[in-house]
Every structure is written in structure tokens, then in C-alpha cells.
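Remarks on the structure that follows.
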Amino acid sequence: MTLTLGSDSAAGCFGRLFKRRKASKSRPQELASSSTYPSSSIKGGSEKSPEHCHCVCPTCDFSFSDENVWWNSESKTTLPPYSPVIEESVSDATFTIAHTLDMLGSRLRELSMQLHGHPEIQFHEKFAHDLLTSFMEDHGFKVYRQYLGLSTAWRAEYSHGKGGRVVGVNSEMDALLGLGHACGHNLIAASGCGVAIALKAALEATNTPGKIILLGTPAEEVGGGKIILLDRGGYDEMDLCLMCHPGPGPSHSFDVGSTLAMQNIEVEFFGKSAHAGAAPWEGTNALDAAFLAYSSISVLRQQMKPDQRVHGIIQGKDWFPNIIPDYAKMKWIVRAPTHAELQVLAEKILNCFRAASLATSCELSIRIDAAYYDLNQNAALAKEFETVIKQRYQMETTCRGSTASTDFGNVGHRLPSLHPMFAIPTEPNGGNHTSAFARAAATEEAHEAAMTVTNALALTAFRAMRDETFFQEVVRSFEASQTTS
């Protein structure tokens, strides 16, 4: 049996297709080593060839409310009137951030729409790479293209003064095959640029020392770009990291809940073909192995917790009723509320495959991509974000979370992080990964919502850079989350 862990192209939301191994190969040994990536000193290299990544687009649901209260695209709701309550110590920064984003808003809208009009799938985000790096360079950032060996990853950084804290920001860029920006990553990319540029202005206006690092992270949908960058040292310098994500929800609402941890598993069974009518005893049936594995997982569902999910498919090649199948492939996605629970459930699933291989005498190959962790929202950052949203916009922030999965979850288990979700108006049944949501991500209302969350993230990040007491609270919150995870 072969157990292979994903390497350059880490686990994506919905898995990848891999080359078939020939059945004539002798039984390999199971590997127990962890996936590794080149160190942060990499200056070149290449990721897994994107043509092997196929996004099949099951729903990645970032909704954080029941559908009957979603912000309907036909409604004409507007933001509540602005009436800020500003602490005197940060009033200059508050004004600067708001003014910067007001002046930048139309340009960020244009940036978002350019991305929306040129959707690119995982590791193919060349237009986005070139557009966004040029944009950040024009706004005074030092840019590193093709960052850490990934051809479409990039880094833009700016430092003011000496010392200070380092804030990381993420801009996702990838779209969905056949659907375009049906997860709203055009809004995420523009928001990340806005947060970084607003923070730069605030550091300069208040003469606050610090550093901003904006990462252009490819392949969130399929490929786990952030996991690759994380393992290659792309996040090592950061004291904290922030980003946001659109989804369906109540009008002008925000959520700082978690997401599900997720694991992609691909299984191949290798048997021996024979004529099913003449001499079936000479064959070793790979389809039988897949059938037994599927049945075993179905039985296992009786002992699964209600908030855990396992779903998969069976695939074959050149199957005929009168020939014993010598090859079968299965693709599975395992989800659980936390990474710890995911590990336990995934091992039970793996045992179903091993048992089926043993029972049918088929050879077994297992491919496990790096898991997407659940979001570890930093409690102190989330509380500050909620305060900003309530004071500036008289709106509440919920903590319901969603059933989606994201590679930013892995970032939040490495350093203090915040990933609020924000509602944009969409149609009924028009959640993430639908053509309706792609249309929603291009609306002016969606842009306005993105600008609101951008402003709040910039204010939250600036307080962490300027306020030592608050930053220590952020650190303590992160340390507490590590002891309970």
C-alpha cells in the first residue's frame, strides 16, 4: 500500500486528479512521513502543474445565516448613518484610514472589476499577479513577484521607521473553473490592497513604526496556496494576519465564527482483469474493493457525529460487465469542526480503505493532501473588529461561522489571525460557488460592503500596531487558543 502526502500543491477545497499508477507495479510500502516544502530561501522552483487540478465545485458555503434572512439582491437597503465614537489617541489614524479608503474606493472598485472580468483558476492567476503587483508598486510598496517559487504568488511590503510590529494581510485571487469569481475573490484581493495602503497612510500620518506585508495568495479553491507559503516561511515575519471573505448573510452583516477543517483523500485499488463469464476466479476485482470501502464508510456514518461529513465518488476506466475491473479510483472529502476531530475521523476512513484492500487482495495507493484547518479566530482581534463595526456603522457582528473550508485556517493556527465574513446581496439559492454569486460579486453593493470591512480591518490592525497593551492581549488570546486546540 502506498500512502502519499501532498507536496508542492497542497490540499485544495475539492481535491485534485492524479495520474493513474499501473496495476503491474509491485506493492509499495506505506509512507508515514509528513509533507515538506522547500525552505523560505527558495528563489525559484515550480508548483504542481495546474492542469492536474480540476475544481469540481461542490458548494463551499460561506453563508453565516439561514437563507430566509439573506441580503436579497433585489432589496435597496443602505448603510446606517455614520456616527463614529473615536478614542482621542487614535483619532488621527482613524481619519487617515477613512480618508485614504474614500479616495481609493473607486480605484479599488476598478481593480476588483478587472479581476472579475479576467477570472483565472488555481496557479494560473498571471493577470491578477501582474495587475496587483503593479498596483501595489504604484502605491509605494516594495514588491516581490513569483514569491517563494510559486509563479503567481507575490509579496508587497512597506516599512516605516525602525522596529514596530509586522501586520500581514492576504489577497486571494483565484476563480472557479466555468463559474468565474463565484466565491468573490475579486473583492478579497481589492480589500487586501485597501487594508495595506490604508495602514501605510496611518503609519506615516502618526509616525508609528511598523511593517506591512501583503501576500497575494494563489489557489485557495484548489491547491492550498497559503499552506505552501506558510510552510516556505512566507508568514514567519508577521505578528498577526488579517483578511476577509464575502458570503450570503443578513443585510450589511459580519461574522467572526469558524469554518470546518477539511481533508482530501484519493484512493486507487489495483487488481487483475479476467473474463467474468469464463474464468472470474483468475481476476482480482478492484471494483469490489471500492464497493467494500464505500459500504464500510456508509456503516461508519452511524458512529459519526452530526457535525462531521464524509462524501466521495467511485471512478473507473474501460469498465465492461463481462470483464473483472482491474482498477478503481475513489475521491473523498472529510470534514469536521476542528482539525483534531478531523484527524481522528480521517484515520477511521483510511482504515475502511485498508480493510477493503485486505479483503479483496487488491493493491492500495492512498494520496492524502495537506488538510485545511478550521478558522482559529483571535478573540482579541475579533472583539476589536466588533467594536469598530458597532461604533462606526451601528451594526452587530455574529459568531455563527460557516460550513466552508479555507487554507487561511492553517495560518490562524500558526499566528494570531482574523478572517471576518461579510454579507453581499445575492439571489435565493445563490450562495458561494454559484453563477448567481459570481454576479453578486460584481455589484456596487458588494463593493461597498467590502470597503466597510476593509476600513474595520485596517483600524483593528492599526490598534495592534500602536497599542502595546492591546497587542499583548492579542498574544494571550492566541496562546490560550493553542492550549485548547
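Excluded from the calculations below are hydrogen atoms, water molecules and symmetry mates; all remaining heavy atoms, backbone and side chain alike, are included.
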Test side-chain contact (heavy atoms from CB on, under 4.5 Å) on F269 and L364; report intermediate values, then the result. CA-CA 5 Å; F269 291 105; L364 171 65; 3.6 Å; yes
Of the options K317, Q315, E268, which is the one that meets Y327 in a side chain to side chain donor-acceptor pair (under 3.5 Å)?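 Result for side chain to side chain donor-acceptor pair (under 3.5 Å) with Y327: E268.
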Say whether, by atom type as modelled, one donor and one acceptor occur between the side chain of Q394 and the main chain of Q391 under 3.5 angstrom.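 A pair under 3.5 Å: yes.
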Measure the spacing between [atom1] of [X] and [atom2] of [Y] and express it to the nearest 0.5 Å.
{"X": "I227", "Y": "D407", "atom1": "CD1", "atom2": "CG", "result": "5.5 Å"}
{"X": "D174", "Y": "I188", "atom1": "CG", "atom2": "CD1", "result": "8.5 Å"}
{"X": "T398", "Y": "M421", "atom1": "OG1", "atom2": "CE", "result": "8.0 Å"}
{"X": "N378", "Y": "E479", "atom1": "CG", "atom2": "CD", "result": "10.5 Å"}
{"X": "S361", "Y": "F270", "atom1": "OG", "atom2": "CZ", "result": "15.5 Å"}
{"X": "R309", "Y": "R335", "atom1": "CZ", "atom2": "CZ", "result": "10.0 Å"}

Could you tell me whether R439 and E427 make a salt bridge, using a distance below 4.0 angstrom between a side-chain N and a carboxylate O?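 Salt bridge flag = yes for E427 with R439.
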Does R354 come within less than 4.0 Å of E347, counting only side-chain N to carboxylate O?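 So R354 pairs with E347 through a salt bridge.
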Could you go through the salt bridge (Lys or Arg N to Asp or Glu O under 4.0 Å) check for E341 and K305 one step at a time? CA-CA 10 Å; E341 293 177 79; K305 295 179 180 179; 3.8 Å; yes
With a 4.5 Å limit on heavy-atom distance, are the side chains of [X] and [Y] in contact?
{"X": "E220", "Y": "Q122", "answer": "no"}
{"X": "T406", "Y": "L375", "answer": "yes"}
{"X": "I324", "Y": "D288", "answer": "no"}
{"X": "L260", "Y": "Y372", "answer": "no"}
{"X": "H419", "Y": "T259", "answer": "no"}
{"X": "N351", "Y": "L300", "answer": "no"}
{"X": "C183", "Y": "H433", "answer": "yes"}
{"X": "K348", "Y": "M304", "answer": "no"}

Smallest separation among heavy atoms of [X] and [Y], with atom names:
{"X": "C362", "Y": "S357", "value": "O-OG, 2.5 Å"}
{"X": "I389", "Y": "A456", "value": "CD1-CB, 3.8 Å"}
{"X": "P248", "Y": "T426", "value": "CB-CG2, 4.3 Å"}
{"X": "A219", "Y": "E125", "value": "N-OE2, 2.9 Å"}

Greater than 12 external heavy atoms within 6.0 Å of F291's CZ: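 Not buried by this count: 12 neighbours or fewer within 6.0 Å.
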Does any donor atom in the side chain of [X] or [Y] lie under 3.5 Å from an acceptor atom in the other side chain?
{"X": "E120", "Y": "H129", "value": "no"}
{"X": "S481", "Y": "N376", "value": "yes"}
{"X": "T397", "Y": "E386", "value": "no"}
{"X": "N186", "Y": "S112", "value": "yes"}

Check the pair V475, F471 against side-chain contact (heavy atoms from CB on, under 4.5 Å), reporting the backbone distance first and the verdict last. CA-CA 6 Å; V475 173; F471 177 69; 3.7 Å; yes
Is the NZ or CZ atom of R414 positioned over Y235's six-membered ring, under 6.0 angstrom from the centre and within 45° of the axis?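 Ring-cation test returns no.
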Indicate the ring-plane relationship of W332 and Y294, choosing parallel, tilted or perpendicular according to the 30° and 60° boundaries.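 Correct class here is tilted.
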Using the six-membered ring wherever Trp is involved, compare the ring planes of Y373 and H413 and label them parallel, tilted or perpendicular (cut-offs 30° and 60°).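 Y373 and H413: perpendicular rings.
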For the pair H245 and F408, evaluate side-chain contact (heavy atoms from CB on, under 4.5 Å) and give the outcome as yes or no after the intermediate values. CA-CA 11 Å; H245 202 297; F408 192 78; over 6 Å; no
Q263 and I349: CA distance, side-chain angles, deciding distance, side-chain contact (heavy atoms from CB on, under 4.5 Å) verdict: CA-CA 11 Å; Q263 179 79 70; I349 300 299; over 6 Å; no
Side chain to side chain contact (heavy atoms under 4.5 Å, CB included), paired with F462, selected from L457, V167, L199, D467: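 Output: one option passes, namely L199.
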